[in-house]
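Numbers for residues simply follow the sequence, beginning at 1.
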Amino acid sequence: PIRSIPAKPVSVETDLVSAVLSTRGAVIRSVSLNNYLDSAGKPVKLIQPGEVARFPLYLDLGDATLNALVNESNYSVNVDSLALNADKPEGEVQFTLTMQEGIRITKTLTFHNSRYGIDVAVMIEGLPADLRLDSHRVFWGDHLSEEDIAHDKRISYDRIVTLVGQKREELRPDKVASEERYQERLRWTALTTKYFLAALIPRDPSASAVVRRTHNAKAEVGLEFSRTGGPTADAFILYVGPKETNALKPYNVSLERVVNFGWFNVVAVPLLKALLLFYSFTHNYAVAIVLLTVLVKVLFYPLTGKSFRSMRQMQDLQPKMKLIQERWKNDRQKMNEEMLALYREHKVNPLGGCLPIMLQMPVFFALYKVLYDAIELRHAPGFLWIHDLSGRDIPLTILMGASMYFQQKLSPTVGDPRQAKMMLYLM
């Protein structure tokens with residue numbers, strides 16, 4: 001039987017990653033990120049042994065019998081373990097399987113000490129001509145675990161993201177059709193969670209991305225390579241790591257675009273860059289957030305000042321407005337005409353207090369998205385009682401709400417009570 005020989009684990013240690021590979025199927029059984037800790041203070045495990053049915057780097061050759069052989073057989077391996085450091089920045093693990101049918105499969109994984117990306121090469125030789133395979137596929141699979149990212153466990157952050165040319169395609173796993181293929185100008189395809197991702201970056205521009213549903217209503221991602229009839233060597237980069245801009249940029253395929261803040265992305269990206277700039281000086285994200293907030297407030301001071309001046313003008317007109325309301329209380333149309341005449345006479349815009357604040361709302365929504373989604377804030381310490389900037393903080397929420405309430409109470413009141421309530425909600 002295929003499984004009669006026990007699988008042999010091969011451990012790989014770098015400064016960034018701890019991984020366990022397996023000779024059975026030449027797949028990746030475990031991946032831990034050394035610089036990112038879970039709530040128990042241990043390295044985050046993105047893949048855990050025994051967690052999934054089909055582990056990363058399994059092959060689909062288009063034939064069920066052949067698939068069972070290449071994915072369930074034990075491969076020979078050139079090393080028992082691999083440990084990288086500054087003195088040994090690069091190392092290779094090579095798996096080889098030679099079958100009686102003359103088929104030879106070679107998987108070579110090259111690890112780098114200072115990078116999350118793994119260079120992968122898959123060589124397939126000796127396939128029978130009668131199989132007539134036009135292509136074959138290498139899959140990451142359908143799993144990328146992540147701990148305690150959501151207090152509401154009903155929320156799923158899993159996404160399939162693919163970059164084709166300059167077009168970014170994003171799908172929820174439960175919205176994937178039976179199979180989606182992206183064939184032209186593929187740059188990468190990835191399975192992502194809130195903070196982490198597994199991306200497949202082909203070296204060959206003719207490779208296609210394959211996204212398909214699995215039996216458990218999830219979706220898996222892979223690359224499809226065309227066959228030319230002879231031995232085929234397929235090369236790609238497997239990135240398994242954080243959605244951190246500085247770690248994604250060096251691959252020069254716009255992998256950093258996997259980080260997306262939705263509608264506010266145009267505003268959010270510059271805000272994130274500013275946050276990282278402040279952090280480079282302060283080395284504390286809480287202080288960096290305060291400085292960024294102050295910067296935003298300073299930039300919008302002209303609009304804020306205009307809003308307060310408008311509210312002050314409305315307050316000065318309040319006695320005259322009350323007289324008009326009392327005089328024409330039975331004639332709504334005449335009341336509105338007199339109000340408009342009063343505004344024109346004193347050159348006051350009744351919406352002048354709201355509009356400047358509403359113009360700022362997209363920026364503050366973008367800032368919220370940055371602070372909520374940026375991995376840089378994940379488990380980052382603040383100050384005083386704040387030990388995790390990405391976690392819940394009830395005292396700070398109460399203080400913020402109270403400060404906003406009293407700020408509104410100290411602001412000039414406007415004539416219309418409904419407008420005053422609107423301002424309270426906006427603040």
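- Closest approach of Ala219 and Val176 over heavy atoms only: CB-CG2, 3.9 Å.
- No donor-acceptor contact under 3.5 angstrom links the side chains of Ser114 and Asp15, judged on distance only.
- Panel note: side chain Arg115, backbone Tyr251; no donor-acceptor pair is recorded below 3.5 Å.
- Proximity of a side-chain donor or acceptor of Ser280 to a complementary backbone N or O of Leu277 within less than 3.5 Å is detected.
- To the nearest 0.5 Å, atom CZ of residue Arg378 and atom OH of residue Tyr285 are 13.0 Å apart.
- Considering only residues two or more places apart in sequence or on other chains, Glu179 meets the salt bridge (Lys or Arg N to Asp or Glu O under 4.0 Å) condition with Arg137.
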Checklist entry - Where do Leu200 and Phe139 land on the side-chain contact (heavy atoms from CB on, under 4.5 Å) test, with the steps shown first? => result CA-CA 9 Å; Leu200 302 168; Phe139 279 93; over 6 Å; no
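- No side-chain N or O of Arg213 forms a donor-acceptor pair with one of Ser178 less than 3.5 Å apart.
- Take Thr106 and apply the side chain to side chain donor-acceptor pair (under 3.5 Å) test, not counting sequence neighbours, and it matches no residue.
- With values rounded to the nearest 0.5 angstrom, Thr96 atom OG1 is found 10.5 Å from Met123 atom CE.
- For Tyr36 and Tyr195, the ring centers are positioned 6.0 Å apart or more.
- Not one N or O on the side chain of Tyr182 forms a donor-acceptor pair closer than 3.5 Å with the backbone of Arg185.
- Interatomic distance, OH of Tyr116 versus CG of Leu255, reported as 13.0 Å (0.5 Å rounding).
- A salt bridge links Lys369 with Asp373: at least one charged nitrogen is closer than 4.0 Å to a carboxylate oxygen.
- Closest approach of Val44 and Asp38 over heavy atoms only: CG2-N, 3.8 Å.
- Distance check: Ser32 OG to Leu16 CG gives 13.0 Å after rounding to the nearest 0.5 Å.
- The two atoms that bring Trp140 and Leu238 nearest to each other are CE3-CD1, 3.7 Å, heavy atoms only.
- Of the inter-residue distances, the one linking Phe95 atom CZ with Leu57 atom CG reads 9.0 Å to the nearest 0.5 angstrom.
- What you find for Lys107 and Tyr75 is that their closest heavy atoms are CE-OH, 4.4 Å.
- Here the side chains of Leu271 and Phe261 are not in contact, with every heavy-atom distance at 4.5 Å or above.
- Counting only heavy atoms from C-beta outward, the side chains of Val20 and Val10 never approach each other to under 4.5 Å.
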Checklist entry - Does the salt bridge (Lys or Arg N to Asp or Glu O under 4.0 Å) test come out yes or no for Arg54 and Asp142, once each step is laid out? => result CA-CA 8 Å; Arg54 294 186 290 193; Asp142 65 359; over 6 Å; no
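- In this structure, CG in Leu33 is found 4.5 Å from CG in Leu46, a value given to the nearest 0.5 Å.
- For the residue pair Asp204 / Ser206, a side-chain donor-acceptor distance below 3.5 Å is found, with atom types taken as modelled.
- Taking the charged nitrogens against the carboxylate oxygens, Arg212 and Asp60 do have a contact shorter than 4.0 Å, which makes a salt bridge.
- Residue Ile375 comes nearest to Lys243 through the heavy atom pair CG2-O, 3.3 Å, listed as atom of the first residue, atom of the second, then distance.
- Contact check on Lys167 versus Glu169 returns a salt bridge, with a Lys/Arg side-chain nitrogen under 4.0 Å from an Asp/Glu carboxylate oxygen.
- For Leu84, the side chain to side chain contact (heavy atoms under 4.5 Å, CB included) partners two or more places apart in sequence, or in a different chain, are Thr14, Leu82, Lys88, Phe111, Asn113.
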